[in-house]
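Report on the structure given below.
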Amino acid sequence: MVTVIIVIGVFLVLILTASMWWDSIRREKYVPPKPEEQPLKPERREHIEEVREADDDTFPHEGEDRLLPYNMKTHSSHSTGKGREARPDHGPNVGGGAFGSGGYG
């Protein structure tokens with residue numbers, strides 16, 4: 001068993017060494033492009049920049065009426081507005097339906 005592990009380790013070292021040697025030869029053959037072979041800058045813009053007008057909404061200044069978190073009860077995304085009786089029952093024999101919640105499936 002130990003000899004198999006040693007053979008696999010030597011094999012991996014040889015593969016890595018050969019790949020590094022092959023990469024060094026490949027990099028020696030690579031010639032970077034000359035400056036005259038580089039692409040030229042276009043004469044005009046190739047993309048159109050979007051110019052947006054400023055938003056009309058501004059933040060209220062000090063002293064002006066503004067909504068605070070406790071004033072935003074009607075703007076909450078957590079409330080459905082149906083009341084407590086419309087919510088699902090949660091109890092010892094009622095599963096939530098999520099994976100791992102213990103529901104009956």
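Along the sequence shown, residues are numbered consecutively beginning with 1. Atom set for the values below is all heavy atoms of this structure, side chains included, hydrogens, waters and symmetry mates excluded. None of the values given here were measured: they were computed from a predicted structure.
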Side-chain donor-acceptor pairs under 3.5 Å in residues 27-43, sequence neighbours left out?
unit_1	atom_1	unit_2	atom_2	d
Arg27	NE	Asp23	OD2	3.1
Glu37	OE1	Lys34	N	3.1

Other cluster members, [X] - Ile/Leu/Val/Met/Phe/Trp/Tyr, side-chain contacts below 4.5 Å:
X	result
Ile6	Val2, Val10, Leu14
Met20	none
Ile15	Phe11

### Message
Using every non-hydrogen atom in the two residues, find where Val13 and Thr17 come nearest and quote the distance to one decimal.
### Response
O-OG1, 2.7 Å

### Summary
Sorted by chain and number, sequence neighbours left out, side chain to side chain contact (heavy atoms under 4.5 Å, CB included) with Ile5 holds for none

### Task
Using the test side chain to side chain contact (heavy atoms under 4.5 Å, CB included), find all partners of Leu12 that sit at least two apart in sequence or belong to another chain.
Ile8

